[in-house]
Number of protein chains: 2
Amino acid sequence: MEFEPVAPVRAYERVVEQVEQAVFSGRLKAGERLPSERELMTQFGVSRSTVREALRVLQAGGMIRSKPGDPRGPEILPASPVNLHKSMHRLARAETMSLTELLQFRMLLEGSAYLLAARLRTDEQLAELETAMAAMTVAAEAGYEEFSRADIAFHEIIARATQNTLIVVCGEVVRGIVLDLIEDKLSHADDRRALMSAWLAHHREVFDAVRVRDGELAQRLARRAIFDHYSDYVPVRDRPLLFPLLGTAE
Amino acid sequence: MEFEPVAPVRAYERVVEQVEQAVFSGRLKAGERLPSERELMTQFGVSRSTVREALRVLQAGGMIRSKPGDPRGPEILPASPVNLHKSMHRLARAETMSLTELLQFRMLLEGSAYLLAARLRTDEQLAELETAMAAMTVAAEAGYEEFSRADIAFHEIIARATQNTLIVVCGEVVRGIVLDLIEDKLSHADDRRALMSAWLAHHREVFDAVRVRDGELAQRLARRAIFDHYSDYVPVRDRPLLFPLLGTAE
DNA sequence: CCATATTTGTCCGTATGTATT
DNA sequence: GAATACATACGGACAAATATG
């Protein structure tokens with residue numbers, strides 16, 4: 001028999017656990033209210049400071065929001081990706097997670113998104129993609145800011161077509177982090193116009209693949225595009241980690 | 001010009017911000033200590049409760065750890081993926097998330113993990129996989145509990161071989177949630193033995209693909225295995241959402 | 001629109017168990 | 001083993017903010 005080391009469980013942690021359990025089990029849904037702090041201290045049998053520490057933890061975790069003077073009590077918030085973004089950003093900044101890993105994951109996700117979108121898209125979504133393409137083309141003349149926004153809009157349509165929330169959210173988060181990490185390098189490059197037109201050409205190719213519902217091709221093209229666009233920023237010795245996702249290199 | 005709505009900035013938030021800044025900027029490194037709570041209240045010019053609420057938030061964010069009676073003060077922790085795990089978990093088990101989406105994401109992730117692992121694995125990791133396979137084979141006789149544990153061990157080796165934290169963490173989370181959702185149905189099935197031996201056969205196939213470094217094959221087999229094992233539990237009308245990931249069905 | 005009651009945000013003081021020196 | 005400094009937890013208090021009648 002093996003024994004586990006025990007860490008003392010703080011009072012506020014038990015409060016947090018109970019509230020989290022209530023939310024996860026569905027007994028408390030988004031939009032509903034928690035009792036007031038004074039009510040909670042009687043229900044849990046702890047002091048107000050303890051209740052408040054628990055509420056701060058829950059708030060930092062994105063579970064609740066509380067306003068001063070609101071007699072309805074703290075509000076249960078719907079699940080949101082902001083905390084996923086924060087924790088991922090922290091790992092990236094601490095260099096615990098390399099740009100290589102982020103790009104690998106982005107290639108993986110975005111490629112799969114295109115694979116699914118090509119098969120599952122509706123004709124209406126294809127039309128949306130076409131207008132988004134046109135918008136990107138004109139935005140490329142307007143400048144990097146505009147172009148970037150149009151690019152994001154395009155990706156959002158793709159993500160929606162997959163009908164998978166996790167793909168949508170993780171894709172957004174990872175794309176955002178990658179941009180945060182190398183946006184300055186990118187926007188200061190003197191060959192921005194060349195980059196934009198290359199990016200645009202890639203989109204055109206992948207759009208055609210989605211149009212004819214060739215998922216495998218769309219996936220390969222998307223991954224290749226990310227690789228071509230960003231691999232300059234990953235250390236040479238790390239690049240082999242990305243090759244398996246290109247589907248061609250041996 | 002657009003204006004943003006302003007939210008009042010609480011005292012404890014400013015304390016959190018300053019400490020986070022100190023950590024992110026590198027002025028405070030992992031292993032170093034924060035001043036004691038009493039010291040912090042004088043430096044920040046706030047009360048003890050405010051300092052404590054800030055420390056709770058930092059602790060919940062995985063930035064620090066504090067023990068009672070430690071005169072050295074709260075310890076700065078190295079960046080770790082546990083928070084990524086937590087926020088991913090929260091997101092993935094939101095009530096809006098269907099089993100179909102989770103399985104789709106799991107097929108996507110696990111397939112890619114095998115694709116990468118087949119190419120990037122070392123000979124040492126292959127040996128580990130072989131012993132894990134053997135352990136699974138004997139565990140299949142011992143019962144469902146043992147078998148499940150051995151299965152997890154196998155997947156952990158695969159995930160490690162990808163060298164990608166995001167794949168590891170997201171894989172763990174999604175696998176765990178899928179099991180939570182249908183574990184009871186699975187463990188009460190009367191054909192548990194048949195399920196286990198089928199699962200074992202699948203692992204043997206995919207192991208062989210990893211052995212000969214055929215990433216594409218390993219990916220296809222892994223996705224097919226998940227589909228075969230779980231698709232009974234997804235609504236019939238949702239199953240087409242999973243087909244594109246099988247790579248064969250048209 | 002105003003008045004009121006309630007709630008949160010913040011502060012202070014105190015008692016207790018704990019870890020380091 | 002004793003002394004010291006610390007975190008944990010409690011209770012009381014006041015001001016600012018807010019919803020409600």
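Throughout, a chain's letter reflects where its sequence line sits, starting with A, and its residues are numbered from 1. Heavy atoms only: backbone and side chains are in, while hydrogens, waters and symmetry mates are out.
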Between CZ of B:R65 and P of D:dC6 the distance, given in whole Å, is 19 Å
Heavy atoms under 4.0 Å, any strand shown: does B:E37 hit a base, just sugar-phosphate, or nothing? base
From the candidates C:dT10, D:dA17, D:dA9, the one with an atom nearest any side-chain atom of A:P68 is D:dA17
note: B:L40, atom CG; D:dA7, atom P; distance rounded to Å ~ 8 Å
- Task: Pick base, sugar-phosphate or nothing for B:R72, based on heavy-atom distances below 4.0 Å to the nucleic acid.
- Result: sugar-phosphate
Q) Can you check side chain to side chain donor-acceptor pair (under 3.5 Å) on A:N83 and B:S87, steps first, answer last? A) CA-CA 6 Å; A:N83 257 89; B:S87 30; 5.4 Å; no
Notebook entry, point to check: D:dA19 phosphate, OP1 or OP2: any side-chain N/O from A:K67 under 4.0 angstrom?
Noted result: yes
For a 4.5 angstrom cut-off between non-hydrogen side-chain atoms, does B:K29 reach B:I76? no
Whole-Å distance, A:E75 CD to D:dT18 C1', equals 15 Å
Show me, pair by pair, the donor-acceptor contacts under 3.5 angstrom made by side chains of residues 38-45 of chain B, not counting sequence neighbours?
unit_1 : atom_1 : unit_2 : atom_2 : d
B:E39  : OE2    : B:Q43  : NE2    : 3.3
B:T42  : OG1    : B:E39  : O      : 2.8

For the residue pair A:R52 / A:Y12, report whether a side-chain donor-acceptor contact shorter than 3.5 Å exists. no
From CZ of A:R10 across to P of C:dG17 the rounded distance in Å is 14 Å
A:V46 has its side chain closest, among C:dT20, C:dT10, D:dC10, to D:dC10
In whole angstroms, the gap separating C1' of D:dC6 from CD of B:E39 amounts to 13 Å
Here the gap from A:I182 atom CD1 to A:L103 atom CG, rounded to the nearest 0.5 Å, amounts to 6.5 Å
Donor-acceptor side-chain pairing of A:S49 and B:S49 below 3.5 angstrom
no
Whole-Å distance, A:M41 CE to D:dC10 P, equals 9 Å
Taken to the nearest whole Å, CZ/B:R38 to C1'/C:dG13 is 11 Å
(Q) Quick one, B:R149 and B:E145 - any side-chain contact, counting heavy atoms below 4.5 Å? (A) yes
When rounded to whole Å, the CG to P distance for the pair B:D70 and D:dT8 reads 10 Å
The residue, B:G45 or A:P71, whose nearest nucleotide of DNA chain C is more 5′ is A:P71
Under a 4.0 Å heavy-atom cutoff, the residues of residues 47-60 of chain A touching DNA chain D are A:S47, A:R48, A:S49, A:T50
